[in-house]
Student: 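I have a structure here, written as structure tokens, and I will follow up with some questions on it.
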Amino acid sequence: MQYGFAIDQRTCIGCHACTVACKTEHEVPLGQFRTWVKYVDSGAYPETQRDMGVMRCNHCTDAPCVAICPTQALFKREDGIVDFDNSRCIGCKSCMQACPYDAIYIDEDTHTAAKCNFCSHRVDQGLEPACVVVCPTESIWVGDLDDPESAISQFVATNTTQVRSPEQNTGPNVHYVGASPSVLQPLAAPVDDTYIWAQPDKLRTAIKTDLTMDPETMARTTLNTAHPRPWGWMVSTYLWTKGVAAGAMMLAGLVMLFGGAGGTLGEVVAPLLAMAGLLSTALLLILDLKRPERFWMLLLKPNPTSWLFKGGLVLSVAAGLSFLWFVFGLVDAPTAIRWLAGPAVVAGALTAGYTAFLFKQAEGRDLWQNPLLFWHLLAQAFMVGSGLLLVLGPFMSYGDLRVPLLVGLLAGTVLHLMFVMIEIRGHHGTDNAQAGVKIMTGARYGSTLQLGNGIAVVAAVLALAGFFVGGLWLGALGGIAAQVALLMYEHVFVRAGQEVPLS
């Protein structure tokens with residue numbers, strides 16, 4: 001059984017009755033929407049045309065929001081409706097990243113995720129959703145799409161229908177009849193300077209300069225809902241803090257795994273730095289939640305398919321290994337440290353790279369779907385982990401770490417720059433990803449990206465020069481530059497991926 005909608009845009013008059021009924025039924029806060037009407041105007045006066053589309057959750061057959069939700073707050077019912085339990089929601093906003101349709105928002109009153117849930121409370125009573133009841137032109141069809149005898153199935157079978165973002169392969173269950181492609185395709189109609197009755201939200205206006213209007217159709221969006229950017233500086237910084245932790249574990253661990261002496265830097269400071277990075281990572285992740293007091297649900301009510309949950313386990317294991325390593329370093333037990341080195345290297349690699357799998361689950365953000373992202377994260381970890389150990393190295397004994405640290409900084413930075421070039425100059429299979437690259441390299445973030453790359457080049461040059469000069473001072477300067485370079489890149493990469501319109 002699969003409940004779904006079919007919307008006949010040939011008869012829809014754009015009266016917004018569905019929007020008002022939905023807001024009333026669910027007490028949706030002012031300025032937020034579970035269902036809304038999008039307007040697109042095309043042409044130039046007097047040859048103009050207005051097209052409309054009713055936007056909402058698509059109750060996907062393969063719902064990415066359900067897979068990524070770490071506490072099972074979002075779930076798929078037996079009748080195919082994707083519903084939510086806000087008592088479980090921790091406000092991590094990952095579902096907003098996974099949804100390719102802009103259908104999920106954080107309710108301003110409850111600070112939890114919300115969206116169209118097919119009026120499941122009405123369906124359970126044998127009633128139709130509120131939007132269906134009030135539609136004056138009966139443009140909204142509803143029913144079981146798996147039942148060939150249902151009215152909606154027959155309507156879909158006898159009309160040419162379209163769905164939004166079919167390339168995402170989520171199996172959307174909202175079918176459109178007679179809808180203009182400029183309405184259904186988010187990048188086909190950039191936002192106009194002004195909406196009909198209001199101003200566009202600041203983010204849609206800000207990215208307008210990096211998204212081009214079709215000169216033939218002149219299609220532009222003149223009414224839509226806000227397009228939020230769920231994750232900000234805390235997530236960008238989290239990528240750096242866990243990179244530092246992972247890099248320190250991997251670099252020092254590899255040296256000691258193969259019999260090298262780490263001195264105080266490798267045996268005590270490296271695990272201490274890893275613990276500090278992991279603690280900072282955990283604090284950033286908790287503080288970024290809209291309901292941080294519920295963070296414990298991540299472990300007590302977990303969703304085993306979510307990489308937010310799996311990532312929490314990885315960070316916990318890495319923290320435990322780092323603590324043991326630190327204790328063995330304090331009591332001067334190098335043999336025990338060598339036994340820990342192998343697991344620590346593996347834990348470091350997983351700490352650095354698990355975000356690639358999390359971003360893979362964020363199916364609405366095509367820029368983050370790069371198959372090389374795991375390896376890019378490993379390179380970044382060596383870059384900043386080695387770099388920060390080099391900064392601390394001149395003040396203590398570092399045994400055999402000098403050359404490996406310089407190699408880690410140089411190789412990590414060069415690989416980082418190589419992956420960045422592949423990202424911005426390589427082939428991207430979807431319009432969404434290409435738009436993300438345009439935003440990264442355009443007026444909004446292009447100068448920041450270039451400056452960050454320039455600082456990374458300086459870090460690599462200083463690391464190379466460090467091979468020919470005794471001590472770690474040049475490497476330390478390069479290590480400082482590496483931290484700045486990565487923070488600037490993550491700022492651009494995390495933001496640009498979220499700023500591509502999805503509705």
Student: Any salt bridge (Lys or Arg N to Asp or Glu O under 4.0 Å) involving residues 136-163? Give me the pairs, sequence neighbours left out, ordered by first then second residue.
Tutor: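 Non-adjacent pairs meeting salt bridge (Lys or Arg N to Asp or Glu O under 4.0 Å): zero.
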Student: Suppose we screen for salt bridge (charged side-chain N to carboxylate O under 4.0 Å, His left out). Which residues come up paired with Asp102, at least two apart in sequence or across chains?
Tutor: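 In terms of salt bridge (charged side-chain N to carboxylate O under 4.0 Å, His left out), with neighbours along the sequence ignored, Asp102 is linked to Arg204.
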Student: Taking His376 as the fixed residue, which of Trp368, Phe419, Phe382, Phe359 is the one that meets the ring pair (Phe, Tyr, Trp, His ring centres under 6.0 Å) rule?
Tutor: Phe419
Student: For Lys310, check salt bridge (charged side-chain N to carboxylate O under 4.0 Å, His left out) against everything at least two apart and list the hits.
Tutor: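 Salt bridge (charged side-chain N to carboxylate O under 4.0 Å, His left out) list for Lys310, sorted by chain: empty.
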Student: Would you name the heavy atoms of Ala496 and Met440 that are closest together and state the gap between them?
Tutor: CB-CG, 3.4 Å
Student: For Cys57 and Val174, work out which heavy atoms get closest and say how close.
Tutor: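 Shortest heavy-atom separation between Cys57 and Val174 comes out as O-CG2, 3.4 Å.
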Student: Only counting residues at least two apart or in another chain, list the ones meeting salt bridge (charged side-chain N to carboxylate O under 4.0 Å, His left out) with Asp62.
Tutor: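 Partners of Asp62 by the salt bridge (charged side-chain N to carboxylate O under 4.0 Å, His left out) criterion come out as none, since no residue qualifies.
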Student: Could you give the distance from CD1 (Ile152) to CG (Leu145), rounded to the nearest 0.5 Å?
Tutor: 4.5 Å
Student: Taking all heavy atoms of Leu373 and all of Ala356, pick out the closest pair and write down the distance.
Tutor: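 Closest heavy-atom pair between Leu373 and Ala356: CD2-CA, 3.9 Å.
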Student: Could you tell me whether a side-chain N or O of Asn432 sits under 3.5 Å from a main-chain N or O of Val500, the two making a donor and an acceptor?
Tutor: no
Student: Run the side-chain contact (heavy atoms from CB on, under 4.5 Å) test on Asn58 and Thr170 for me, step by step, so that the C-alpha distance in whole Å, both residues' side-chain angles and the decisive distance to 0.1 Å come before the verdict.
Tutor: CA-CA 9 Å; Asn58 282 253; Thr170 63; 6.0 Å; no
Student: Taking His59 for its side chain and Ile81 for its backbone only, find out whether a donor-acceptor pair lies under 3.5 Å.
Tutor: no
Student: For Ser180 and Val40, run side-chain contact (heavy atoms from CB on, under 4.5 Å): C-alpha distance rounded to whole Å, both residues' side-chain angles, the deciding distance at 0.1 Å, then the answer.
Tutor: CA-CA 9 Å; Ser180 168; Val40 171; 6.0 Å; no
Student: Cut-off 3.5 Å, no hydrogens considered: what does the side-chain donor-acceptor table look like for residues 284-293, sequence neighbours left out?
Tutor:
residue : atom : partner : partner atom : Å
Asp288  : OD1  : Lys93   : NZ           : 3.4
Asp288  : OD2  : Lys93   : NZ           : 3.4
Arg291  : NE   : Glu293  : OE2          : 2.6
Arg291  : NH1  : Thr110  : O            : 3.1
Arg291  : NH2  : Glu293  : OE2          : 2.9

Student: Name every donor-acceptor pair, under 3.5 Å, that has one atom in a side chain of residues 298-308 and the other anywhere in the protein, sequence neighbours excluded.
Tutor:
residue : atom : partner : partner atom : Å
Asn303  : OD1  : Thr305  : N            : 3.2
Asn303  : OD1  : Thr305  : OG1          : 3.0
Asn303  : ND2  : Val66   : O            : 3.0
Asn303  : ND2  : Ala67   : O            : 3.3
Asn303  : ND2  : Cys69   : O            : 2.8
Asn303  : ND2  : Thr305  : OG1          : 3.1
Thr305  : OG1  : Ala67   : O            : 2.9
Ser306  : OG   : Ile68   : O            : 2.6
Ser306  : OG   : Leu308  : N            : 3.1

Student: Regarding Arg50 and Asp41, does a basic nitrogen lie under 4.0 Å from an acidic carboxylate oxygen?
Tutor: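 Judged by the 4.0 Å cut-off on N to carboxylate O distance, Arg50 and Asp41 do form a salt bridge.
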Student: Using a distance-only test with no angle check, is there a side-chain donor-acceptor pair under 3.5 angstrom linking Asn159 and Thr161?
Tutor: no
Student: Would Thr217 and Ser42 count as having a side-chain donor-acceptor pair, cut-off 3.5 Å?
Tutor: no
Student: Are side-chain heavy atoms of Lys115 and Phe84 found at a separation under 4.5 Å?
Tutor: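 They are in contact (side-chain heavy atoms under 4.5 Å apart), so the answer is yes.
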Student: With heavy-atom distances below 4.5 Å as the criterion, would you say the side chains of Gln9 and Val177 are in contact?
Tutor: no
Student: Asp107 side chain to Asp109 main-chain N or O, any donor-acceptor pair under 3.5 Å?
Tutor: yes
Student: State the CD1-CG distance between Ile104 and Leu74, to the nearest 0.5 angstrom.
Tutor: 5.5 Å
Student: I would like to know whether Ile424 and Met421 meet side-chain contact (heavy atoms from CB on, under 4.5 Å); could you show each step before the answer?
Tutor: CA-CA 5 Å; Ile424 64 179; Met421 290 301 107; 3.6 Å; yes
Student: Partners of Phe33 by ring-ring contact (aromatic ring centres under 6.0 Å, His included), sequence neighbours excluded?
Tutor: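 With neighbours one apart ignored, the set is empty.
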Student: With a cut-off of under 6.0 Å to the ring centre and 45° to the axis, is Lys242 in cation-pi contact with Tyr354?
Tutor: yes
Student: Are Thr225 and Met55 side-chain neighbours, meaning at least one heavy-atom pair lies under 4.5 Å?
Tutor: no
Student: Would you say the side chain of Cys119 lies within less than 4.5 Å of the side chain of Leu127, judging by non-hydrogen atoms?
Tutor: no
Student: Distance check, rounded to the nearest 0.5 Å: Arg220 atom CZ versus Ser182 atom OG?
Tutor: 10.5 Å
Student: Answer yes or no: is there a side-chain heavy-atom contact under 4.5 Å between Phe5 and Cys116?
Tutor: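 In short, these two side chains touch, coming nearer than 4.5 Å.
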Student: Of Ile140, Val133, Val123, which is the lone residue that meets side chain to side chain contact (heavy atoms under 4.5 Å, CB included) with Glu128?
Tutor: Val133
Student: How long is the gap from OH on Tyr176 to SG on Cys12, to the nearest 0.5 Å?
Tutor: 10.0 Å
Student: Apply salt bridge (charged side-chain N to carboxylate O under 4.0 Å, His left out) to Asp83 and list each qualifying residue two or more places apart in sequence or on a separate chain.
Tutor: none
Student: So which pairs with a foot in residues 15-35 pass side chain to side chain donor-acceptor pair (under 3.5 Å), sequence neighbours left out?
Tutor: His16-Tyr39, Glu25-His121, His26-Arg34, Arg34-Tyr105, Thr35-Arg56
Student: Check whether any side-chain heavy atom of Cys18 lies under 4.5 Å from a side-chain heavy atom of Val37, and answer yes or no.
Tutor: yes
Student: Would you mind listing every side chain to side chain donor-acceptor pair (under 3.5 Å) that reaches into residues 65-79, with sequence neighbours excluded?
Tutor: Gln2-Lys76, Arg77-Asp79, Arg77-Asp124
Student: Distance-only, no hydrogens or angles: does the Gln498 side chain make a donor-acceptor pair with backbone N or O of Trp231 under 3.5 Å?
Tutor: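 Checked: pair present.
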Student: Between Ala443 and Asp210, what is the shortest heavy-atom contact and its length?
Tutor: N-OD1, 2.9 Å
Student: Calculate, to the nearest 0.5 Å, the distance between atoms CG and CG belonging to Leu315 and Leu350 respectively.
Tutor: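 Separation between the atoms: 10.5 Å.
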Student: Asn173 side chain to Gly171 main-chain N or O, any donor-acceptor pair under 3.5 Å?
Tutor: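 Yes; at least one donor-acceptor contact below 3.5 Å.
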Student: Side chains of Leu187 and Gln434: does their closest heavy-atom pair fall under 4.5 Å?
Tutor: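 SC-SC contact between Leu187 and Gln434 ruled out.
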Student: Does any N or O in the side chain of Lys38 come within less than 3.5 Å of the main-chain N or O of Gly53, such that one atom is a donor and the other an acceptor?
Tutor: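 No.
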Student: Judged by modelled atom types alone, do Gln168 and Asp366 share a side-chain donor-acceptor pair under 3.5 Å?
Tutor: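 Asp366 and Gln168 do have a side-chain donor-acceptor pair below 3.5 Å.
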Student: For the atom pair CG (Asn86) and CD1 (Ile106), what is the distance rounded to the nearest 0.5 Å?
Tutor: 11.0 Å
Student: Any salt bridge (Lys or Arg N to Asp or Glu O under 4.0 Å) involving residues 423-450? Give me the pairs, sequence neighbours left out, ordered by first then second residue.
Tutor: Arg444-Glu499
Student: Pairs of donor and acceptor atoms involving the side chains of residues 487-494, under 3.5 Å and at least two apart or interchain, shall be tabulated with distances.
Tutor:
residue : atom : partner : partner atom : Å
Glu490  : OE2  : Gln380  : NE2          : 3.4
His491  : ND1  : Arg495  : NE           : 3.4

Student: Can you see which heavy atom on His227 is nearest to which on Asp201, and at what distance?
Tutor: N-OD1, 3.4 Å
Student: Report yes if some heavy atom in the side chain of Thr237 is under 4.5 Å from a heavy atom in the side chain of Met234; otherwise report no.
Tutor: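 Side-chain contact under 4.5 Å: no.
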